[in-house]
Trainee: 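One structure follows; several queries about it will come next.
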2 protein chains.
Amino acid sequence: MDAPTAAAKRLKEAGLRPTRFRERTLEALWATDAALSHKDLVSRLPDLDRVTIFRCIKQLRKSSLLHKVRGTDGVSRFVANRTSGSSCPGNHPHFFCLSCGALTCLEGLRLPHLELPTGFEVRGKQFLVEGICPGCAQGRATAAGPDEKETSS
Amino acid sequence: MDAPTAAAKRLKEAGLRPTRFRERTLEALWATDAALSHKDLVSRLPDLDRVTIFRCIKQLRKSSLLHKVRGTDGVSRFVANRTSGSSCPGNHPHFFCLSCGALTCLEGLRLPHLELPTGFEVRGKQFLVEGICPGCAQGRATAAGPDEKETSS
DNA sequence: GATGGTAATGCAACTGAGTTGCATTACCGC
DNA sequence: GCGGTAATGCAACTCAGTTGCATTACCATC
């Protein structure tokens, strides 16, 4: 009665022991579109030790099951790599909402090319856009809306 | 015998009290092209309290005399804004050297434009390129090269 | 030049992210 | 079922950054 979870399958594919804790960590990440911080994970998995979660993240990252993004607040957040094969950790920009703190992958977009001066050997790129996400922008508009001139432009 | 330092002048222009400590902090930042971490500043200004340096940085940042950049290691680094008027803190990409940890402003380059999906309200952008800086790349090349062509060009 | 208010500094203690060491427990092949 | 190895839990630690409070320096005013 194993009922081999999708998470368990993913873990096995990656060569990791599919323990219940790893499955749950992975599932917690799969359950959301936003990037979760370590703190978020701790609150979603209250019966797991925080150190275990750190170590779990590290393993998953090493196996390219998730990638790390840092918000402008300096806190690392983690996003599961959906597609099993292509786990390119940094091939898309990220958006950090200054209002709700959510960090989302802009997976539809490609990282723009940058022509560096000669001598620089590029290993990776990170493009972080900060601002207000659609959800918060809408919330603000409706909240401010009633009597104030609601045309936000 | 004030000998009003350039740093003191800059501080006054920005509306800050030109104390000796602030002058020295600013001068330490001016003395290098790379971005300095708080730790770097502490080691360059050993007789200053670390908290004072944190507060000094915060003041200078508020007055747009420097801008903050975070390396992929998550540590904040600070760069003085040379030009007095245009203190745009994030209008150029940064390069983080994985070998020596130096973080340099690529001031000659412009941030590439990114077309976001509708609904996102952009407030700022950060483009961080990581890799090996020219200095380290050369050091490695010479270290690896048997004959050590010492022509530094 | 003395004086006083305010801002700046120094010190101690704290928070929060992330790590390390070590003992214990669970997983998996046999 | 059994044993080795990997995973987990706990405690303690490092390091960046912050806060509170007492003390000191700066600057304007007299």
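Each chain gets a letter, A, B and so on, in the order the sequences are listed, and its residues count up from 1.
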Trainee: Hey, could you give me the CG/CD1 distance between D40(A) and I53(A), rounded to the nearest 0.5 Å?
Mentor: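 It comes to 10.5 Å.
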Trainee: Between atom NZ in K58(A) and atom P in dA17(C), what is the gap in whole Å?
Mentor: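 Atom NZ in K58(A) sits about 16 Å away from atom P in dA17(C).
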Trainee: Heavy atoms from C-beta onward define the side chain here; which of dA7(D), dA11(D), dA17(C) lies closest to that of R17(A)?
Mentor: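 The listed nucleotide nearest to R17(A)'s side chain is dA7(D).
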Trainee: F21(A) has an atom CZ; how far is it from atom C1' of dC27(C), in whole Å?
Mentor: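 Nearest whole value for this atom pair: 12 Å.
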Trainee: How close or far is atom P of dG18(C) from atom CZ of R77(A), stated in whole angstroms?
Mentor: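 After rounding, the reported distance stands at 10 Å.
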Trainee: Looking at every strand, decide which applies to T52(B) at a 4.0 Å heavy-atom threshold: base, sugar-phosphate, or nothing.
Mentor: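 Base contact.
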Trainee: Does S63(A) use its side chain to pair, donor to acceptor, with the backbone of L65(A) at less than 3.5 Å?
Mentor: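 Not confirmed, S63(A) side chain does not pair with L65(A) backbone.
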Trainee: Roughly, in whole Å, what's the span from CG in D73(A) to C1' in dG17(D)?
Mentor: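 Whole-Å distance recorded here is 13 Å.
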Trainee: Over how many whole Å does the gap from R55(A) atom CZ to dA11(D) atom P extend?
Mentor: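 Atom CZ in R55(A) sits about 14 Å away from atom P in dA11(D).
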Trainee: Counting only side-chain nitrogens and oxygens, does R22(B) get under 4.0 Å of the OP1 or OP2 atom of dA8(C)?
Mentor: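 Yes.
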Trainee: dA8(C) P sits how many Å from L11(B) CG, rounded?
Mentor: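 Taking atom P of dA8(C) as the reference, CG of L11(B) is at 11 Å.
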Trainee: Which is more 5' along DNA chain C, the nucleotide nearest R50(B) or the one nearest G74(A)? Just name the residue.
Mentor: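 First, find each residue's nearest nucleotide; the 5'-ward one identifies R50(B).
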Trainee: For dA6(D) and T19(A) - does any side-chain N or O of the residue sit under 4.0 Å from the phosphate oxygens OP1/OP2?
Mentor: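 The answer is no; no side-chain N or O of T19(A) sits under 4.0 Å from OP1 or OP2.
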Trainee: Can you check whether H92(B)'s main-chain N or O pairs, donor with acceptor, with R110(B)'s side chain at less than 3.5 Å?
Mentor: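 No; zero donor-acceptor contacts below 3.5 Å.
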Trainee: Given atom CZ of R20(B) and atom P of dT9(C), what is their separation to the nearest angstrom?
Mentor: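 Between P of dT9(C) and CZ of R20(B): 10 Å.
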Trainee: In terms of the nearest nucleotide of DNA chain D, which residue is placed more toward the 5' end: D49(A) or V75(B)?
Mentor: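 Per heavy-atom nearest nucleotide, the more 5' residue is D49(A).
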Trainee: Assign S37(A) to base, sugar-phosphate, or nothing according to its heavy-atom contacts below 4.0 angstrom with the strands shown.
Mentor: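 No contact.
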Trainee: How close or far is atom P of dA7(D) from atom CG of L60(A), stated in whole angstroms?
Mentor: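 One finds 11 Å between P of dA7(D) and CG of L60(A), rounded.
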Trainee: Are the ring centres of H38(B) and F54(B) closer than 6.0 Å?
Mentor: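 Under 6.0 Å, so yes.
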Trainee: With rounding to the nearest 0.5 angstrom, report the SG to CZ distance, C56(A) to F21(A).
Mentor: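 C56(A) atom SG to F21(A) atom CZ measures 10.0 Å (nearest 0.5 Å).
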